[in-house]
Amino acid sequence: MIDRYNPAEIEARWQRQWEEDGLYRALIDPVRPKFYFLTMLPYPSGELHIGHWYAMTPSDAKARYMRMRGYNVLFPMGFDAFGLPAENAAIQRGVHPHEWTMSNIEKMRRQMRSMGAMFDWEREAVSCDPRYYRWTQWFFLKLYEMGLAYRKESAVDFCPRCNTTLAREQVWGEDHHCERCGTLVIKKNLTQWFFRITDYAEELLDFSQIEWPDRVVAMQTNWIGHRSEGADVTFHSDQGHPIEVFTTRPDTLWGATFMVLAPEHPLVEELSAPEYRPVMEAYRLQAARQSEIDRTAADREKTGVFIGSYAVNPVNGEHIPIWIADYVLMTYGSGAIMGVPSHDERDFAFALKFGLPIIPVILRDGAPAKSRVMAGSTDDGLAVELHGAGIPFQAVDGALYLTMTPVQADSFVHIARKYLRPGHWIEVVGARWLFIFADEDGVEIVPLDSTAAEKVIISHCHALTGGASDRRTAMELLWEVEFYRDVLYHSDYGEMIHSGLLSGTPGDRAKSDTITWLDERGIGKAAVNYRLHDWLISRQRYWGAPIPMIYCDRCGTVPVPHEELPVLLPEDVEFMPTGESPLKFHQGFLHTTCPRCGGPATRETDTMDTFMCSSWYHYAYLSPYWKAGQPITSQDTPVDPTELDYWAPVDQYTGGIEHATMHLIYTRFFTKAMRDMGLVDFDEPMTRLYNQGMVLGEDHEKMSKSRGNVISPDVLVKAFGADTVRVFLMFFARWDQGGPWDSQGIKGPSRFLDDVWSLILDPHSQSPAGKGGEAAVLRRKTHQVIRKVTEDLESFSFNTAIAAMMEFRNSLRDLKPALFGSPAWNEAVETLLLLLAPFAPHICEELWARLGKPYSIHRQSWPMWDPQLAAEEMMTLIVQVNGKVRDRLELPRDTSEEQAKSLALQSERVLRHLGGKEPQQVVYVPGRLINVVV
RNA sequence: GCCGAAGUGGCGGAACUGGCAGACGCGCACGACUCAAACUCGUGUGAGCUUAGCUCGUGUGGGUUCGAUUCCCACCUUCGGCACCA
């Protein structure tokens, strides 16, 4: 008996050795092709989780495989070290965020080393290090110079009890309550910094240069939204506030009869008339709480309130009421719309519900005019004359229903006015819009072409129905007539009507002509919108990179000169939950001098979104803390150009799907902006992307401390060794799908590695019998397993690669007595070690050394299979009768179709199932099967 | 509501381009070793039946095909994304 497999001893020893030898140091090598393999960096939360192992160790295996394939592989690691939990720890436990973060990093580095991954630790980058965030700030200044950074007022979630702004993930539940105290969260407007990511929206929708999963492409496409072309038009309130709206239908501007602002629109406060404030505030509160989440039905009932002021429609001077309603989203367009109920479905529903006037301004191509003549409203003879004039109608219970061409409608009006009895009216809708009223003094024709005319019409109608009508608008009245409904509303393009000078403009020119017209008058201009909005990067927090901006009373907003970077985070701050960045109360930080005029000035006290740090970390790894200790200018580059030129872009990125729409869009934006800065000459940061799934708890639920189903990698490493944990994580599920943990299941990989150990080291008493046939079988299996594992690694199918190696282990076990020590045997075990090395690096290194092979196995070339050796000599032909398997034939590979068919038809089992019938057809699939059809 | 992914033994999961369903592993059963247990080794393991064999079986129902887990249509369930986009 020789010594048993002892992972604890082996793993520690080799990890030390590799580190001493710099085995995984990735340096520029012009001879070998480079391969930048990147896996998402962790947040230093304190403990390495099994999820980190699940993300990192298969990536490591693939990176190791690429290295054995001859690539110069860079596989770096770092920490995304700014962020909220550090600050919470400071508030709750009084630990400084820096101290908390750095001690977590220290611990996680140790834990990560136990994975035996090929990280090049000399390229580690930690985003909260001033040598790192100096460059994050540098990027901010660059984007500012390019006009891609700007400031505007925007809403944040705010907890009135904790008196603090909240990040999105701190707002819980459908009722939007604070994570810490449960108080209902409100929105608060603050002036904040944004990046113009929407300038790149069109380009971000182009995925032609990257091989990313369809799922991610779909999610990003969804997130960015389609291109909406239209115009920004400026309205003014009666008090003179400019209110900008975005519309895709500027040609319907003359039909705008009201205006709607998003409840959280910054102007709502000022525009609300005093007597409407209580209603406004109540509505705002309700809207703030339900926004975004659970807006279940798209066609749910419209809600909204009038806020007591009016705006002027710039094209026709009409005074239109201003409402707030939650169907207008602050996050799209300008957060305000013009309500054109005649040609927008939502506006139509809203106007109908709240009794707002609806004025048609676009004709629908080919739509008829309709009219209903009520029984008893006209003198006798109308029907006869209509008939004579060739105007079709249907009579139902004495009423006439007419569906006419526009020309017929014009004649109809002419005729009908003669027959209309005093005290009655007739309306014409669709291709024509008018009301004919008759009283003792005569007949009046009122076209429905403005809100003023609409008022006249509805008051006439009220008068004629005795004032008892509760219909508030003409359209409400018309909507009651089933016969009219299909012509009352439409959203098609068509000839403009009731639109002043632009009336008569045909549908195909309406939009562009209107935009030109608006532009000439300075009322509006062409604009494009996406669902994607500009990236808000301000955080009212301490633990982030300070935004390098200074506010001077004399010079305004002044960027910190590049030479003065970094703007350091002061260490001595109070972590009181005040609602604003603690930096605001740090006098030493806050007060500074203006770089331009030297006068007194204050610093921006917000810090940057941590997604900024992670948008360029893959470049930071190439030359961590570049130019540390040296002053920098705007001409400098944040990365060593030589390293950047050699390694970038990332060839393979791996990480969780949860970053599909945030990080992975931001980092694409960053790279495109860097390209426009002249820093890189490519468009996309990561050529290939692969998303791994998630390890669930044994109860099939997401792991969480509260559920008590968390699996600790440290405990597993102690019990089984890192190699076993690695192999199990790659074996138990498809990597892209993930699955539930199985504490029994890990025994399989554990036994597998035990077996590999003893297969190779336990001598077999028998001398190699070395029969030629068995050696050939083993060689065939050896080359087959090389092929299988290679193909599986190419496609990230770690689970089936390991299954293939286990199967190979089973063959080795069977063949050991016959072949131990023979050349075929030695080839087999050496191959097995090489194939297994990326998965279980320690045990393979150890066994490789014990076999007397040259150090290190991880520097060896990946084995190649010989297709001739891998080819089977025999084939198994499946014999079916009517598609059902009835027999199997073991035949030499070179058996001809005729021979195979005749052998099949002679088979006893086949004959029995044929039951004497003659085969009608014999299907032959070479090398696979014969199907006899009767 | 729209878009996307997935449904296979007791469990995790295999199955190339339409060709032996259940590889590999866990678990379980029986046997060997052991005073015993664990470990280890061997054998078996989709279900049913009238068990040399036959029938059924990949969410459900249809279709195409000599042949369907795989392709097509409809539906059910689960998960993910988006959801009044002016």
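When the nucleotides B:A86, B:G81, B:C85 are ranked by their closest atom to the side chain of A:Ile337, B:A86 comes out on top.
Taking every heavy atom of residues 783-797 of chain A and every atom of RNA chain B, no pair lies under 4.0 Å.
Rounded to a whole Å, the CG atom of A:Asn222 is 6 Å from the C1' atom of B:G81. B:C85 atom C1' lies 15 Å from atom CE of A:Met338, rounded to whole Å. The distance from atom CG of A:Asp762 to atom P of B:C41 is 12 Å, rounded to the nearest whole Å. One can place CD of A:Gln920 at 15 Å from C1' of B:G67, the figure rounded to the nearest angstrom.
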Checklist outcome for this item: Each base of RNA chain B marked ( ) or [ ] if paired in-strand (Watson-Crick or G-U under 3.5 Å), | if paired to another strand and . if unpaired gives (((((((..(((......[....)))((((((.......))))))((((...))))..(((((..]....))))))))))))....
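No side-chain donor-acceptor contact under 3.5 Å links A:Asp347 and A:Tyr489. With hydrogens and angles left out, the side-chain atoms of A:Thr654 and A:Gln692 include no donor and acceptor closer than 3.5 Å. A:Thr514 and A:Asp251 share no donor-acceptor pair across their side chains, judged by distance under 3.5 Å alone.
Remark: A:Thr800 pairs with A:Asp792 by the side chain to side chain donor-acceptor pair (under 3.5 Å) rule, at least two apart or across chains. Under the side chain to side chain donor-acceptor pair (under 3.5 Å) criterion, A:Gln921 pairs with no residue at all, not counting sequence neighbours. Annotation: side-chain contact (heavy atoms from CB on, under 4.5 Å) contacts of A:Val715 (sequence neighbours excluded): A:Ser712. Residues passing the side chain to side chain donor-acceptor pair (under 3.5 Å) test with A:Asn931: none are found, sequence neighbours excluded. Listed by chain and number, the residues in a salt bridge (charged side-chain N to carboxylate O under 4.0 Å, His left out) with A:Glu244 amount to none (sequence neighbours excluded). A:His533 meets the side-chain contact (heavy atoms from CB on, under 4.5 Å) test with A:Thr331; sequence neighbours excluded. Taking A:Asp736 as the reference, A:Tyr690, A:Arg734 meet the side-chain contact (heavy atoms from CB on, under 4.5 Å) condition, with sequence neighbours excluded. With sequence neighbours excluded, no residue forms a side chain to side chain donor-acceptor pair (under 3.5 Å) with A:Lys702.
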Next on the checklist: One character per nucleotide, please: for nucleotides 16-29 of chain B, 5' to 3', B when the base has a protein heavy atom closer than 4.0 Å, S when only the sugar-phosphate does, - otherwise.
Outcome noted: B--BBS-BBSSS--
Checklist entry - Along nucleotides 51-58 of chain B, 5' to 3', which nucleotides get a B, which get an S, and which get a -, given that the test is a protein heavy-atom distance under 4.0 Å? => result --SSSS--
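Remark: the separation of the P atoms in B:A36 and B:G31 is 13 Å, to the nearest Å. Spacing between B:A86 and B:G12 at atom P, rounded to whole Å, works out to 45 Å. Comparing the P positions of B:C85 and B:A74 gives a spacing of 26 Å, expressed to the nearest Å. When the C1' atom is used for both B:A37 and B:U43, the distance is 22 Å, rounded to whole Å. Nucleotides B:G27 and B:U51 have their C1' atoms positioned 26 Å apart, rounded to a whole Å. For the P atoms, the distance from B:C26 to B:C41 is 10 Å, rounded to whole Å. Spacing of C1' atoms, B:A15 relative to B:G22, comes out at 9 Å, to the nearest Å.
Listed here is the closest heavy atom pair of A:Val361 and A:His343: N-NE2, 3.0 Å.
Judged by closest nucleotide on RNA chain B, A:Ala218 is the one of A:Ala218 and A:Ala733 placed further toward the 5' end. Each of A:Arg734 and A:Phe246 has a nearest nucleotide on RNA chain B; the 5'-most of these lies closest to A:Arg734.
Using a 4.5 Å heavy-atom threshold, the side chains of A:Lys781 and A:Glu807 count as separate.
As judged by a 4.0 angstrom heavy-atom cut-off over every strand, A:Arg215 is placed among residues making no nucleic acid contact. Nucleic acid contact class of A:Gly304 (heavy atoms, under 4.0 Å, all strands): none.
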Checklist entry - For A:Glu872 and A:Arg893, what are the C-alpha separation, side-chain angles and deciding distance, and is it a salt bridge (charged side-chain N to carboxylate O under 4.0 Å, His left out)? => result CA-CA 7 Å; A:Glu872 294 282 354; A:Arg893 273 262 142 202; over 6 Å; no
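Its glycosidic angle being more than 90° from 0, B:G59 falls on the anti side.
Looking only at distances, a side-chain donor or acceptor of A:Asp723 sits under 3.5 Å from a matching main-chain atom of A:Ile843.
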